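Here's the structure, in structure tokens; my notes come after.
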Amino acid sequence: MFGLPRMMFTEEHDLFRQSVRDFIAKEITPFNDEWEKQKMVSRESWLKLGENGFLGIQAPEELGGMNIQDFRYNAILIEELGLSGCSGPAIGYPLHSDIVLPYILHYATEEAKKKYVPKMVSGEYIGAVAMTEPGAGSDLQGMRTSAEDKGDHYLINGSKTFITNGYLSDVVVVAVKTDPSKGAKGISLVLIDREMPGFSKGKPFEKVGLHAQDTCELFFEDVKVPKENLLGKEGDGFKYLMTELAQERLVVALAAVALGEYMLDETVTYVKERKAFSKSLSEFQNTRFKLAEMTAALEQGRIYCDQLVMLHNEKKLDPAMASAAKYNMTELQCKVADECVQLHGGYGYMWEYGVARAYADARVQRIYAGTNEIMKELIARKILK
Ligand SMILES: Cc1cc2nc3c(=O)[nH]c(=O)nc-3n(C[C@H](O)[C@H](O)[C@H](O)COP(=O)(O)OP(=O)(O)OC[C@H]3O[C@@H](n4cnc5c(N)ncnc54)[C@H](O)[C@@H]3O)c2cc1C
């Protein structure tokens, strides 16, 4: 990367970036290999992030946060995690702060906010969001997890799958059917916490990539959820999901560009060192052109994402724009991953090499947070309306 100036960042942002970078170098990168083997990051790492003020920075001060309503700071955290190449942490921590927490801050009752937000900011409680079910992913309206109205509580039955942070989760935003006859309007969101009897978790899945990340199934068997744990209004869950998914998709796009840059940096270093036919790989025209193509595309992607972050700060990022960013940047990330592995030759296929892991980790970015086919549907719906 030759580094176009990032006009949107001030000196304060740069100082924050440096503190995040130092923290990652000390507290995340050295542990990533171990976490990959354990299939999850450590609980201590969550507490350390909390101690350093890197979780839920947008939460109000009275709930333990810093009341930072400037998404550039969130973007810096996501970007620096991505640039470290630690893909598991780059997905799991932002999911907690930028995807789960907003549901609680925007829609939870005051009691629920007081109960969960301070613990999520300190890292004592880890958050997850559970929409997908074994029989319903893209087609969320087909979900079956039921919430029966029992007066002062709901009785929840069903299961969710592929839940990021699921195994370690302490509080989960769960999409349920409060009225199965009403399609999207019968979907509501509730907060389920680890203490509730009847809530259990499967073992972390054996995934192709994102090994330092606990993805698992969640089971609900007659779980009594008090009505105070309903988010917003009954029946409005789908609306809230559609609103909040814009930020989720921006987060995925930001991580995609940063992880792409990480792979490119690794590859630039590698091709300068590796020799073939008595030359450095970097002297072959194919190598030079591939690096140039990737640099040009990532520079463009980065500036595009910067623009979207600023739009989001002004509350002008609409769901179709966020879908376009998620689609565009994750396709780019996967293309970069493939080219970088190719430029590494056989070493690019060895787990000890950063690009090999980044290649495996990249693939799912086109699948979760809404598949890229669904992103294209959302974009088409907007331009054809
Ligand atoms: C590692 C990982 C982490 C995840 N984390 C979470 C999480 O934290 N919370 C959560 O709720 N979910 C999570 N998911 C689930 C993820 O969001 C879903 O897998 C995804 O939405 C796709 O759903 P599905 O797997 O059921 O595939 P399906 O919906 O069955 O799709 C299969 C294929 O059909 C295509 N398809 C489906 N409908 C259409 C259509 N209308 N037009 C064109 N093509 C279509 C899809 O694009 C895809 O290619 C995670 C998944 C993974 C793998």
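Only a predicted model underlies this, so the values are computations on that prediction, with no experimental measurement involved. Each ligand, and each atom within it, is numbered from 1 in the order the structure gives.
In terms of protein heavy atoms, atom 52 (C) of ligand 1 is closest to V364 CG2, 3.8 Å. Nearest protein heavy-atom neighbour of atom 46 (C) of ligand 1: T371 OG1, 3.6 Å. Atom 26 (O) of ligand 1 has G137 CA, 3.2 Å as its closest protein atom, hydrogens excluded (heavy atom only). In this structure, the protein non-hydrogen atom closest to atom 31 (O) of ligand 1 is S138 OG, 3.8 Å. With hydrogens left out, the protein atom closest to atom 8 (O) of ligand 1 is T164 N, 3.0 Å, a heavy atom. Protein heavy atom in closest approach to atom 25 (O) of ligand 1: F162 CE1, 3.9 Å.
K290 places no side-chain N or O within 3.5 Å of a backbone atom of E339 that could act as its donor or acceptor partner. With hydrogens and angles disregarded, no donor-acceptor distance shorter than 3.5 Å links the side chain of E124 to the backbone of L47. Using modelled atom types, one side-chain atom of E283 and one backbone atom of S280 make a donor-acceptor pair closer than 3.5 Å.
Counting only heavy atoms, the protein gets under 4.0 Å from atom 28 (P) of ligand 1. Within 4.0 Å of atom 33 (C) of ligand 1, not a single protein heavy atom is present. Distance check for atom 14 (N) of ligand 1: a protein heavy atom is found below 4.0 Å. Atom 4 (C) of ligand 1 is approached by the protein to below 4.0 angstrom, counting heavy atoms only. In this structure, atom 37 (C) of ligand 1 is in close contact with the protein, since a protein heavy atom lies within 4.0 Å of it.
Among the atoms of T215, none of the N or O lies under 3.5 angstrom from an N or O of ligand 1. In terms of polar-atom proximity, defined here as any N/O pair under 3.5 Å, Y368 makes no such contact with ligand 1. Inclusion of E373 in the set of residues having an N or O under 3.5 Å from an N or O of ligand 1 is warranted. Taking only nitrogen or oxygen atoms, main chain and side chain alike, V129 reaches within less than 3.5 Å of ligand 1. For ligand 1, the polar-atom distance check against A130 finds no nitrogen or oxygen pair separated by under 3.5 Å.
Between R302 and E79, at least one side-chain N (NZ, or NE/NH1/NH2) sits under 4.0 Å from a carboxylate O, which counts as a salt bridge.
With Q333 as the partner, the side chain to side chain contact (heavy atoms under 4.5 Å, CB included) test is satisfied by one option alone out of D338, D361, L259, L298: L259.
Ring centroids of F23 and F54 are separated by less than 6.0 Å, placing the two rings close together. Side-chain rings of H96 and W46 approach one another, their centers coming within less than 6.0 Å.
Heavy atoms of other residues, nucleotides or ligands lying less than 6.0 angstrom from CD of E11 number 12 at most.
Counting the atoms of ligand 1 from 1 in the order shown, those under 4.0 Å from a heavy atom of I163 are 7 (C), 8 (O), 9 (N), 10 (C), 11 (O). Proximity to I374 (heavy-atom distance under 4.0 Å) selects the following atoms of ligand 1: 38 (N), 39 (C), 40 (C), 41 (N). Within the listing of ligand 1, atoms 1 (C) sit less than 4.0 angstrom from a heavy atom of K207.
Of all the heavy atoms of T132, the ones lying under 4.0 Å from any atom of ligand 1 are found in both the backbone and the side chain.
Note that K227 lies in the cation-pi zone of Y154, set by a 6.0 Å cut-off to the ring centre and a 45° limit from the axis. Stacking of R17 on the aromatic ring of F9 is recorded, both the 6.0 Å distance cut-off and the 45° axial limit being met.
Comparing I367, D139, D361 by heavy-atom distance to atom 21 (O) of ligand 1, the nearest is I367.
Among all heavy-atom pairs drawn from E36 and R357, the shortest one is OE1-NH1, 3.0 Å.
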Discussion item. Please evaluate residues N372 and E331 with respect to the criterion side-chain hydrogen bond (donor to acceptor under 3.5 Å, both in side chains), reporting the C-alpha separation (whole Å), side-chain torsions for both, the decisive distance (0.1 Å), and the verdict.
Written reply: CA-CA 8 Å; N372 282 7; E331 294 287 336; 2.9 Å; yes
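In this structure, F220 and F199 have parallel ring planes: the angle between them is below the 30° cut-off, well short of the 60° mark.
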